[in-house]
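The structure follows.
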Protein chains: 2
Amino acid sequence: MSQVPLSQISASQISASQVAPPSNFRTDDDARSTRELIIAESLRCFAEAGYNGTSLNDIAAGVGIRRPSLLHHFASKEALYGEVFERLLADWLERLEVAVADQALGWAKVELVLNAGFRLFEDTPDYVRMMRREALDGGTHLGIDLAAVLRPLFDAASAYFDAQMDAGVFKRHNSRHLLITGYGAILTYFSDAAFIDGLIDDEALTKEHIAEHRDHVLSFFKSALID
Amino acid sequence: MSQVPLSQISASQISASQVAPPSNFRTDDDARSTRELIIAESLRCFAEAGYNGTSLNDIAAGVGIRRPSLLHHFASKEALYGEVFERLLADWLERLEVAVADQALGWAKVELVLNAGFRLFEDTPDYVRMMRREALDGGTHLGIDLAAVLRPLFDAASAYFDAQMDAGVFKRHNSRHLLITGYGAILTYFSDAAFIDGLIDDEALTKEHIAEHRDHVLSFFKSALID
DNA sequence: CGCACTACCTACTGGTCGGTAGGTATTCTG
DNA sequence: CAGAATACCTACCGACCAGTAGGTAGTGCG
């Protein structure tokens with residue numbers, strides 16, 4: 001690092017203007033909060049416009065600081081994106097594992113997990129869109145291999161369905177394809193909300209409409225799995 | 001212009017300019033084909049990396065020409081994107097309407113349309129990813145309002161399901177939510193193929209695996225709609 | 001031949017990108 | 001109170017972006 005050629009340092013750089021003393025200084029308490037503000041705004045922007053469609057200036061402006069100040073808190077754009085994404089994964093895994101760990105069996109457990117998913121997505125719609133973009137790009141945008149992280153959950157769910165089908169609790173389906181179908185059915189409603197708004201008369205992502213869609217997905221899956 | 005010091009013009013430069021006479025000249029027949037090549041490569045790039053992630057240089061390089069030559073065929077990047085997208089829509093609507101116009105009734109018609117969708121998506125996976133990105137961005141990236149174009153088809157399909165449910169052919173579900181669920185279940189398999197590859201042992205988007213998923217979706221929906 | 005036309009090129013413009021250098025207030029700490 | 005640390009700033013960099021200017025081969029037609 002820092003082996004910048006001396007030739008790049010010009011005299012004009014030294015004569016920086018002292019005209020604008022912004023005075024928007026932050027205390028230590030606020031410092032943590034600035035970091036959080038940046039992460040929150042980044043999530044919003046990355047979900048809305050994607051990685052390439054979001055500039056550090058956009059994020060900085062949303063927070064109310066300049067780009068270099070943002071880069072004081074995060075080493076690079078990729079590092080910032082990575083931190084937002086890691087937080088996404090951690091939040092999701094934590095909340096999903098609570099539902100997965102539940103001792104319920106049969107349809108009750110499926111309903112439990114689906115409900116947890118809906119609640120989770122309802123709380124974090126920006127996460128959903130960001131995840132969708134990540135899946136579209138192959139899930140390997142950064143160091144994290146999204147599929148590899150979710151694979152254990154996926155395998156466990158698949159085994160659960162297979163066991164319940166063997167036991168005759170559920171009608172027979174291909175469990176892995178069933179999971180892919182389910183994940184697509186649920187995620188799409190949240191990721192494509194802006195598009196779906198144009199297909200229906202109500203507005204998607206309102207509390208009422210989410211509940212409507214959740215009820216539909218639950219009854220639809222129940223209808224396909226239970227006699 | 002051309003105020004380059006004579007001293008900088010080396011013999012190698014002069015020879016270089018004559019060593020590479022591009023010679024990739026195209027006749028009138030090829031001219032149309034260059035346009036097609038550009039559209040094909042654009043589709044590939046826009047599907048792979050999105051609008052913001054694709055530069056005109058990327059596309060031009062894929063075709064084997066320079067960016068200004070590309071802009072000789074299309075007025076701007078947006079115009080190019082628009083033409084690719086319009087072609088997408090036209091292709092889809094044409095092929096879907098054949099299936100929709102069929103006189104089949106009950107489950108046979110659903111199977112017909114689903115099969116047409118699968119065949120369509122299998123033939124044009126790049127279209128699917130581009131569409132997905134468009135839906136993520138709200139479907140109003142350019143002048144075209146994606147949802148408005150599809151709305152008539154959506155309404156007709158919804159009315160069909162309602163009628164069949166009223167007649168007792170299908171079990172009762174909310175038809176509009178059913179369509180959203182269905183579109184998500186099918187589209188996701190194609191749009192997120194790279195991610196799904198990491199969740200399963202087989203490779204998605206092979207002929208065999210697509211058939212497997214189609215069979216699953218058909219039997220799953222049949223299971224949910226028919227007693 | 002002369003002239004318009006097409007398809008391509010190199011070389012450039014203005015602007016934006018991510019990132020860096022270096023400075024300045026303010027606060028914490030010894 | 002001195003010095004380190006923090007959080008912000010302006011001014012800059014090189015790279016890349018979409019798009020333009022202007023030139024040059026080759027083609028078709030009078």
Side-chain angles (χ1 to χ4, degrees), chain A residues 1-38 42 45-46 49-61 63-82, chain B residues 1-4 8-9 13-14 16-38 42 45 49-61 63-82:
Chain A
M1 316 277 155
S2 77
Q3 62 278 63
V4 176
L6 288 176
S7 63
Q8 286 187 9
I9 300 176
S10 70
S12 61
Q13 277 182 298
I14 296 169
S15 66
S17 76
Q18 294 125 344
V19 217
S23 86
N24 47 348
F25 186 82
R26 295 178 182 284
T27 71
D28 271 10
D29 281 344
D30 294 332
R32 235 198 337 257
S33 139
T34 294
R35 236 188 107 86
E36 293 303 313
L37 280 175
I38 292 172
S42 301
C45 291
F46 286 140
Y51 186 83
N52 284 316
T54 300
S55 81
L56 293 184
N57 277 324
D58 295 337
I59 299 170
V63 175
I65 59 175
R66 312 282 159 176
R67 179 169 26 88
S69 309
L70 189 155
L71 287 165
H72 165 72
H73 294 279
F74 298 90
S76 69
K77 186 183 183 181
E78 263 201 16
L80 172 56
Y81 184 86
Chain B
M1 315 288 138
S2 75
Q3 61 279 63
V4 177
Q8 285 188 12
I9 299 180
Q13 275 183 301
I14 294 170
S17 65
Q18 284 154 352
V19 165
S23 84
N24 46 347
F25 186 82
R26 296 178 181 285
T27 71
D28 273 9
D29 281 344
D30 293 333
R32 239 200 333 259
S33 138
T34 294
R35 235 185 108 86
E36 293 304 312
L37 280 176
I38 292 172
S42 300
C45 290
Y51 185 84
N52 284 315
T54 300
S55 82
L56 293 184
N57 277 325
D58 295 337
I59 299 170
V63 176
I65 58 175
R66 311 285 157 171
R67 178 169 27 86
S69 309
L70 188 155
L71 287 165
H72 165 73
H73 294 278
F74 297 89
S76 68
K77 186 183 182 181
E78 264 201 14
L80 172 56
Y81 184 85

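Note on naming: letters A, B, ... go to the chains in the order of the sequence lines (proteins, then strands), and numbering restarts at 1 for each one. Computed over heavy atoms, backbone and side chain alike; hydrogens, waters and symmetry mates excluded.
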Whole-Å gap separating C1' (C:dG19) and CD1 (A:I59): 14 Å
Nearest heavy atoms of A:R35 and A:H73, plus distance in Å: NH1-O, 3.1 Å
Rounded distance (Å) that lies between atom C1' of D:dT6 and atom CD1 of A:I38: 13 Å
Minimum-distance nucleotide to A:L56 side chain [options: C:dG18, D:dA18, C:dC9]: C:dG18
Options D:dC8, C:dG19, D:dT20, nucleotide nearest the side-chain atoms of B:P68: D:dT20
D:dC16 OP1/OP2 closer than 4.0 Å to side-chain N/O of B:S55: no
Parallel, tilted or perpendicular: ring planes of A:F46 versus A:Y51, cut at 30 and 60 degrees: parallel
Watson-Crick or G-U stems of DNA chain D, 3 or more pairs, under 3.5 Å, by first number: C:1-30 with D:1-30
Under the side-chain hydrogen bond (donor to acceptor under 3.5 Å, both in side chains) test, residues paired with A:S55 that sit two or more places apart: A:D58
Interatomic distance, B:R66 CZ vs D:dT20 C1' [rounded to whole Å]: 18 Å
Nearest-nucleotide comparison on DNA chain C, the residue closer to the 5′ end among B:H72 and B:R67: B:H72
Whole-Å gap separating C1' (D:dG19) and CZ (B:F74): 16 Å
Protein-nucleotide distance (A:R35, atom CZ; D:dC8, atom P), rounded to Å: 12 Å
Contacts of type side-chain hydrogen bond (donor to acceptor under 3.5 Å, both in side chains), residue A:R66, not counting sequence neighbours: none
Set of residues satisfying side chain to side chain contact (heavy atoms under 4.5 Å, CB included) with respect to B:L70, sequence neighbours excluded: B:I38, B:L56, B:I59, B:A60, B:I65, B:L80
Phosphate OP1/OP2 of C:dT6 contacted by B:T34 side-chain N/O (<4.0 Å): no
Rounded distance (Å) that lies between atom C1' of D:dC16 and atom CG of A:N52: 13 Å
Sugar-phosphate, base or nothing in reach of B:S69, heavy atoms under 4.0 Å: base
Over all atoms of both residues, closest heavy-atom pair of B:T54 and B:A49: OG1-CB, 3.8 Å
Presence of B:H73 side-chain N/O under 4.0 Å of C:dC8 phosphate oxygens OP1/OP2: yes
Spacing of B:N57 atom CG relative to D:dA18 atom P, expressed in whole Å: 7 Å
Contact nearer the 5' end of DNA chain C, comparing B:L70 with A:L71: B:L70
